[in-house]
Every structure is written in C-alpha cells, then in structure tokens.
Amino acid sequence: MPSEHIDGDKIPRTAHRAPESVGRSMIGEDIALTLKIVVAGGIGAGKTTLVGSVSEIRPLYSEESLSEGGRCQDGTGGVERKATTTVAMDFGRITIHSGLTLHLFGTPGQDRFRFLWDELCEGALAAIVLADTRRLGDCFTAVDYFERGRIPFVVAVNRFPGAPDHTEHDVARALDLDRGTPVVLCDARDLASGKEVLIRTVEYAARMHTARLLASVG
C-alpha cells in the first residue's frame, strides 16, 4: 500500500468517547463514533506494519533510514535487518462496522522519542502493545506507561518466523501483566489478524471503562 509522510494538518484530533455507547445513542438511535487506538512496542516489533496492513486509507508514515549511529543508540539486536525506523508517528484508519471507526496512532519504538508519547496518547480509548518474543524486554516501557496512565491495553504477540514460540500465558507471566490483561497472537502483516486484535482491544477497553464507571458511582 502506498504511503505518505506525515503532514500535521492531515491528522484528525480524535476525541475520546465512552466505549459503552459504541454504535448506539442512549435512546437507541444509530450514531457514528471515531475512537483513538495507540499502537506501541519496541523497535522492530511491527507497529508500522500493523497500521499499514489494516488501514483503509493511505497510511501516513514518518520513517527514516536507520543509520549506523542510530543502530548503536537504539539497540537493534535481533532485528539487524531493519533498515528504517519511525521517528514521530504512524497514522491509519479502519472502519470496524457501520458507525465505528478507529484512528490508529503508532508510536516510535526508540527511547529517545519517548517524549512524544504523552501527546500521541492523549484522548486514547486504549492501546496495543506489540511484542516480539525475541525482544520481550522491549515491552516493559509501554506496559508500565499504560498501566500508570490507566489506559486499557492488549498485548499482541507478533509471530515472526523463527522467533521463540511462547503461549499467551508465558508472555503474560514474563511481562508480569495485571490479571485479566489480554494477550493475543497475531500476524501484523495480515488484515484479518490485525482486525481481530483491534476488535479484542475495543471490547476489552469497553469492559474496563464500564467497570470503572460503575465503581465510581457504586
């Protein structure tokens, strides 16, 4: 799929909407919602690939060639063949069903661009943490960030050829996830697989936000 570099004027400011009302108003009328999902994870985990594979529009990328200095600074062990890297963000859009559209914001994976995360995550309904089992430790920063920010997230294990084959339970235990945090296996290159991850993420976020709302009034 062709791509474009990012023009800030093209990126919509996606508002956070209560997930329990997705697709319907309080009086039963159909409504259109646009929700924001952040895609995070370590360098080379497949964030740009996931956004591009599911986006129904031409995705916006901010990729630049990965220099030798950048390889040393970012640490690319296990992903030595990676030639480019995200330096700001990726953006894509997908319509899950009539009335529900997701705006996808991919974060850069390098620690030196972590200062961008607060703005990228503002107003997000939920997040996806893409995991590469060859570099599971790269996920800790994203997991800690979303847990501290109380942003519901799903860990999606991108199944790279030749990567260690771990179960969802193994990954959850290795990342010390809170009980109930979903872990799903996926292929970031595949539209159906990526869409399933997004659906699981929206469903989990809806349950979490609803539970928090009920607890606040209970």
Side-chain angles (χ1 to χ4, degrees), residues 19-20 22 35-54 74-82 90 94 96 102 104-111 114 117 120-121 124-215:
E20 61 269 16
V22 170
L35 305 175
K36 179 177 183 179
I37 303 293
V38 173
V39 182
I43 186 171
K47 302 177 295 296
T48 298
T49 300
L50 177 64
V51 172
S53 68
V54 301
D74 299 329
T76 56
V79 289
E80 291 85 358
R81 296 179 62 183
K82 185 174 177 60
D90 303 317
I94 179 174
I96 298 298
L102 303 180
L104 310 176
F105 290 77
T107 69
Q110 309 93 315
D111 287 339
R114 201 56 45 82
W117 281 35
L120 289 176
C121 294
L125 170 79
I128 297 166
V129 177
L130 267 177
D132 178 352
T133 56
R134 298 168 299 182
R135 297 165 55 99
L136 266 183
D138 289 354
C139 296
F140 282 116
T141 299
V143 168
D144 289 344
Y145 181 90
F146 296 128
E147 286 182 344
R148 289 198 308 269
R150 301 188 76 233
I151 299 174
F153 67 93
V154 167
V155 174
V157 180
N158 193 8
R159 306 184 76 176
F160 289 94
D165 189 16
H166 295 299
T167 66
E168 294 95 324
H169 177 72
D170 291 337
V171 172
R173 185 171 55 184
L175 294 177
D176 193 25
L177 298 177
D178 290 341
R179 185 173 181 179
T181 301
V183 178
V184 297
L185 305 179
C186 75
D187 182 343
R189 304 166 298 179
D190 181 71
L191 170 60
S193 181
K195 188 173 181 179
E196 179 62 25
V197 171
L198 292 171
I199 292 172
R200 288 283 301 275
T201 302
V202 171
E203 290 176 343
Y204 175 65
R207 294 196 301 270
M208 289 296 292
H209 285 294
T210 300
R212 290 171 184 174
L213 178 61
L214 292 175

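Just so you know, these numbers use all the heavy atoms, side chains as well, and skip hydrogens, waters and symmetry mates.
Taking each heavy atom of Pro164 and Arg134 in turn, the nearest pair found is CD-CG, 3.6 Å. Across all their heavy atoms, Ala126 and Thr201 have their closest contact at CB-CG2, 3.7 Å. Taking all atoms of both residues into account, the shortest heavy-atom contact from Lys195 to Ile96 is NZ-O, 3.8 Å. A pairwise comparison of heavy atoms in Ala188 and Ser53 identifies O-OG, 2.8 Å as the closest pair. Closest approach of Leu120 to Phe105, counting heavy atoms only: CD2-CD2, 4.4 Å. Between Asn158 and Ala45, the shortest heavy-atom contact is ND2-O, 3.0 Å.
A distance of 7.0 Å separates CG in Leu130 from NZ in Lys47, rounded to the nearest 0.5 Å. To the nearest 0.5 Å, atoms CG (Leu175) and CG (Leu136) are separated by 5.5 Å.
Residues Val155 and Cys139 have side chains not in contact (no heavy-atom distance under 4.5 Å, counting atoms from C-beta outward). Using a 4.5 Å cut-off on side-chain heavy atoms (C-beta onward), Glu196 and Cys186 make no contact. Counting heavy atoms from C-beta outward, Glu168 and Val157 have side chains that stay 4.5 Å or more apart. Under the 4.5 Å side-chain criterion, counting only non-hydrogen atoms from C-beta, Tyr204 is in contact with Thr181. Counting heavy atoms from C-beta on, the side chains of Leu198 and Ile128 come closer than 4.5 Å. At least one side-chain heavy atom of Phe153 sits under 4.5 Å from a side-chain heavy atom of Leu177. Looking at heavy atoms from C-beta onward, Ile37 lies in side-chain contact with Leu104 at the 4.5 angstrom threshold. Within the 4.5 Å cutoff, no side-chain heavy atoms of Asp90 are placed close to those of Val39.
Pairs passing the salt bridge (charged side-chain N to carboxylate O under 4.0 Å, His left out) check and including a residue from residues 180-190, sequence neighbours excluded, read Asp187-Arg189.
Between the side chain of His209 and the backbone N or O of Leu125, at least one donor-acceptor pair lies under 3.5 Å. The closest donor-acceptor contact from the side chain of Arg135 to the backbone of Gly44 lies at 3.5 Å or more, if one exists at all.
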